[in-house]
Student: 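Just passing along the structure, written as structure tokens.
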Amino acid sequence: MDNVALGAGLAALAIIGPAVGIGILAGMSSSAIGRNPDAAGSIRGLAIILAAFAEGLGVLAIVIALLIVFLLPGQLG
């Protein structure tokens with residue numbers, strides 16, 4: 001049972017990656033808009049799409065953690 005909780009905790013820690021990625025993306029896109037304000041529309045659109053991809057990875061990590069917590073213990077016992 002302890003291994004299941006450890007695995008779920010490690011899967012939940014996978015959310016740190018997308019959070020850092022979104023932070024870097026926001027910083028770099030605001031820097032790019034500051035350097036070239038005329039391209040703000042295309043930079044903003046691309047940043048929103050990339051943030052959605054990164055957020056999808058975070059949601060996937062939470063779903064995997066919940067599956068480990070709620071489905072795997074029933075199969076072990």
Side-chain angles (χ1 to χ4, degrees):
M1 190 66 143
D2 293 327
N3 291 337
V4 173
L6 179 65
L10 290 176
L13 283 177
I15 296 173
I16 292 173
V20 170
I22 291 173
I24 291 171
L25 175 68
M28 297 298 267
S29 64
S30 63
S31 173
I33 290 172
R35 282 184 276 132
N36 189 3
D38 293 334
S42 62
I43 293 171
R44 187 178 303 118
L46 186 61
I48 290 172
I49 291 171
L50 293 175
F53 285 146
E55 193 67 29
L57 291 175
V59 170
L60 180 65
I62 289 177
V63 168
I64 289 173
L66 290 175
L67 287 174
I68 289 172
V69 168
F70 291 114
L71 293 181
L72 195 56
Q75 294 177 357
L76 291 177

Student: Backbone N or O of Gly27 within a donor-acceptor pair of the Ser31 side chain at under 3.5 Å?
Tutor: no
Student: Running the 4.5 Å side-chain criterion over Ile, Leu, Val, Met, Phe, Trp and Tyr, what cluster does Ile43 land in, apart from itself?
Tutor: Ile33
Student: Shortest non-hydrogen contact from Ala51 to Ile22?
Tutor: O-CD1, 4.0 Å
Student: Can you sort out the partners of Leu57 under side-chain contact (heavy atoms from CB on, under 4.5 Å), two or more places apart, ordered by chain and number?
Tutor: Pro18
Student: Which other residues belong to the hydrophobic cluster containing Phe53, where Ile, Leu, Val, Met, Phe, Trp and Tyr are joined when side-chain heavy atoms lie under 4.5 Å apart, directly or via other members?
Tutor: Leu25, Leu46, Ile49, Leu50
Student: Who passes side-chain contact (heavy atoms from CB on, under 4.5 Å) against Ile48, sequence neighbours left out?
Tutor: Arg44
Student: Applying side-chain contact (heavy atoms from CB on, under 4.5 Å), can you list everything that pairs with Val20, at least two apart in sequence or on another chain?
Tutor: Ile16, Ile24
